[in-house]
> 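After the structure tokens below, expect a handful of questions from me.
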Amino acid sequence: MLEIKNLHANINGKEILKGLDLVVRPGEIHAIMGPNGAGKSTLASVLTGNQAFEVTHGDITFYGKNLLELSPEDRSREGIFLSFQYPVEIPGVSMVNFLRAALNEHRKYKNLEPLSATDFLRVMREKKALVEMDNKLANRAVNEGFSGGEKKRNEIFQMAMLEPRLAILDETDSGLDIDALRIVANGVNKLKSPDNASIVITHYQRLLDYIIPDFVHVLYDGRIVKSGGKELALELEERGYDWIKKEVEETV
Amino acid sequence: MKNNEISTLNAAPTVRQEPLEQQYIDLYKEQRESIKKHSSAVMNTSRDESFARFEALGFPTSALENYKYTDLRETLSVDYGLNINRISVPINPYEVFKCDVPGIHSYLYFVVNDAFYPVNDPVHNKLPEGVIIGSVKDLAASHPELLRDYFGKLSTAKNDGLVAFNGAFAQDGFFMYVPKNVVMDRPVQLVNIMRSDVDTMANSHNLIIIEEGSKAQLLVCDHTVDEVRFLSNRVTEVFVGENATYEHYKLENVHTKTTNLSTLLIDQRKSSNVLANVITLHNGITRNTIEIDLDGEGCDTLLCGMVIADKKQEVDNFTSIIHNKPNCNSRELFKYVLDDMSKGGFTGKLLVAKDAQKTAAFQTNRNILLSKTAKMRTKPQLEIWADDVKCSHGATIGSLDESAKFYMQSRGISEKEARLLLMFAFTNDVIENIRIPALQDRMKLLVEKRLRGELSKCEGCVICQ
Ligand SMILES: Nc1ncnc2c1ncn2[C@@H]1O[C@H](COP(=O)(O)OP(=O)(O)O)[C@@H](O)[C@H]1O
Ligand SMILES: [Mg+2]
């Protein structure tokens, strides 16, 4: 579904991604690990069309479409979802209005009628239950005054509402206690199907006890320098990243 | 200039040599008796005095500290007609005006240009006992004892050219009297309608008296009918008695050739509660002067405003809250959304007198500029003489939050819709401070339409379509 070839991207003239390749097929879960500053969030930003990042080389296709030509909103409507590392607070915009606008734009894109108010509220109720989200959060402004954990849970709630084909979770596990982690992972697993895929960005192995990846990639200095199965995550947990850095430097 | 014609001042708007004021000074001297004859004794008491003050002050210019953000030169050079001889204007507002606030069920009144339009609404007969609403001119003649102690008491103390001009030329206006301990069962609505075939100026003077323990809500709407140039210069004096509650909503939705100059003067007595909410949805040039004096202990004041402007629209809100007595709370909240070449001005004057201990006063002005050519100027002006007070003020000028916009887009919401949601959210807390539910609902809709660019003038009101 997703094919990234030789991707280079800059921010403020500084090159962050330096030739990244990745292929994701339906049904797969890919974990991307790597030290701080390696470019993991940058990859997520480029995939979702954040204008702050400039793609200088390379191609990204999503179900055969040139992703780089699509607006952020169309990428979302095509089924790409990012659970933000730092979700944004939007004072004054209620969760209900925000999600109704989002859901109806998705439906319009698929030539479906907008959901009626009752149907919308029913869907909202179901998905809230899925991530065990507090009613009172859903009645507030988007992320406003939410704790770190509440924000992360809200990301998964939105994901449940929008039912993406490709979900990118950027450090959704950081800042979560074990309970919250289990709920978030449960949410993700329940949404899993043979037709959709996930990219799980993390630098702890912890989350991968709950969400079992098919592939683990190490992103280092703007490139994927190593890929393997789920055992690679365990190895990274034990040995850290230094040996990877060494390997990379030796090949250079 | 014939006696029974609308007096037009100049034949052609040629480049003028003499000062803008001169023609009005001449007009007053010439028409002094007519002006008085078509008004009433109470209104005439201070007329000459006001005229003398206008002669001395002239029209305000942006060289004055209080008028820094208002530029009236261009609009004052227009050749406006004044209807000094009270020629009736061919319009029946009761037939053509359909209120665009469904479910408000108000007591409805009209001022057409500068004259109170005769009441012709059976609902008027249901006014609570003792409540008097009508023409200032007529009621000043029939109930002089009621108006004498109030009329001009706030306005004649102002050293302001526009207020002085109004004092000289205003011949009528809206009057509302709510006696002691009466709770009005519905809001009162005053619609100012500008209707004329030639460029027209209207001066009106409103007087509102809310006695001890009473409660009233007034919604003032400004509407323009014809596509000529209008200038209105209106003064409203409001006296809010002890323990009384008064809400004043002003909704401006007029065409771009309109200049609206409005002065709202409110005097609050002990433990009274006032909410003033001034909303400009669509306009030409607007200057609102709002001055609230807290003259008793334990007063509560909330002054809000919102401006949505684009094209070359200009809005200046000059506000002043004066704490003269201890233990009063005031809050002020103004929000502006400015696009294109529009200009906004805000002054938040706050004075806390030496005796006004335990004052709590908070002021906020937030502004969003949607274009590089829009301009906002904002000035808090705090003068605090008491030492035991809690005061704060904050002003910001910014653009829409890009990260919030991207976050919404990443959920599939179009950029246009995301901007709209953010702007709507931005103005929402001003709308939340409307305590008439039907009006609040309607405002939400109107603001949304306005932000979508679907509202150019008064929505749903027949005369404007
Ligand atoms: N807005 C920005 N401006 C400048 N540099 C940035 C910005 N965002 C990220 N970077 C830089 O890009 C690099 C990669 O960041 P990021 O993708 O967030 O890393 P990761 O998510 O892997 O920790 C870092 O060196 C970071 O400092
Ligand atoms: Mg990151």
Side-chain angles (χ1 to χ4, degrees), chain A residues 44-53 70-110 140-144 151 154-155 157-164 167-168 170, chain B residues 279 304-308 333-337 364-368 370 394 396-434 440-441 443-452 454:
Chain A
S45 298
V46 169
L47 285 173
T48 48
N50 189 332
Q51 296 299 311
F53 296 84
L70 296 182
S71 65
E73 50 268 39
D74 278 346
R75 297 181 196 202
S76 165
R77 296 161 186 168
E78 285 288 336
I80 292 180
F81 179 91
L82 169 63
S83 165
F84 282 64
Q85 183 173 6
Y86 304 108
V88 181
E89 296 195 12
I90 316 179
V93 176
S94 72
M95 281 296 296
V96 173
N97 284 346
F98 168 70
L99 280 172
R100 190 169 29 220
L103 208 62
N104 283 334
E105 297 244 26
H106 277 247
R107 291 178 66 87
K108 196 163 85 190
Y109 196 72
K110 295 184 188 113
R140 296 229 302 254
V142 180
N143 290 323
E144 192 186 28
K151 283 181 184 163
N154 191 16
E155 295 293 288
F157 169 53
Q158 293 171 43
M159 177 173 120
M161 291 293 290
L162 297 175
E163 299 178 333
I168 305 158
D170 190 358
Chain B
I279 294 174
C304 299
M306 181 178 89
V307 173
I308 301 175
L333 174 69
F334 273 79
K335 296 212 159 172
Y336 291 58
V337 179
T364 308
N365 169 228
R366 301 209 184 292
N367 310 290
I368 287 184
L370 298 174
T396 55
I397 301 176
S399 46
L400 284 182
D401 181 347
E402 286 297 318
S403 58
K405 201 179 84 190
F406 177 71
Y407 187 74
M408 289 198 253
Q409 285 177 270
S410 81
R411 299 305 185 238
I413 299 172
S414 69
E415 182 180 7
K416 187 166 163 254
E417 204 63 26
R419 284 167 66 92
L420 201 83
L421 279 168
L422 286 174
M423 288 191 278
F424 195 64
F426 176 76
T427 54
N428 199 40
D429 48 359
V430 173
I431 303 172
E432 297 279 321
N433 280 318
I434 294 175
Q440 191 189 95
D441 288 349
M443 277 311 302
K444 285 190 177 166
L445 209 85
L446 289 179
V447 167
E448 188 179 332
K449 282 198 159 192
R450 175 67 172 102
L451 292 171
R452 282 185 194 281
E454 291 168 5

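Reminder, nothing fancy here: chain letters follow the sequence lines and each chain counts from 1.
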> Flag the pair A:Y109 / A:E78 as yes when at least one side-chain heavy-atom distance between them is below 4.5 Å, and no otherwise.
yes

> Who among B:E417, B:E415, B:Q409, B:E432 has the most heavy-atom pairs with chain A under 4.5 Å?
B:Q409

> Measure distances from A:P87 to the heavy atoms of chain B and classify the residue's part below 4.5 Å as side chain, backbone, both or neither.
both

> Between B:R411 and A:E105, does any NZ, NE, NH1 or NH2 come within less than 4.0 Å of an OD or OE carboxylate oxygen?
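Salt bridge: no.
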
> Can you find a heavy atom in the side chain of B:Y336 that is under 4.5 Å from one in the side chain of B:I397?
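Sidechains of B:I397 and B:Y336: no contact.
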
> Where is the tightest heavy-atom contact between B:E448 and B:L420, given as atom of each residue plus distance?
CG-CD2, 4.4 Å

> Look at the aromatic rings of B:Y407 and A:F98 and report parallel, tilted or perpendicular, splitting at 30° and 60°.
parallel

> Chain A heavy atoms under 4.5 Å from B:E402: which part of the residue, side chain, backbone, both or neither?
neither

> Check each atom of A:N104 against the heavy atoms of chain B and say whether the ones under 4.5 Å are side chain, backbone, both or neither.
neither

> If I take atom SG from residue B:C304 and atom CG from residue B:D429, how far apart are they, to the nearest 0.5 angstrom?
8.0 Å

> With chain A, which of B:A404, B:A425, B:S414 has the greatest number of heavy-atom pairs at distances under 4.5 Å?
B:S414

> For chain B, which candidate among A:V93, A:T48, A:V142, A:N50 shows the most heavy-atom pairs at distances under 4.5 Å?
A:N50

> Heavy-atom pairs under 4.5 Å with chain B - which of A:G49, A:A102, A:S71, A:A141 has more of them than the others?
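Winner by heavy-atom pair count: A:A102.
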
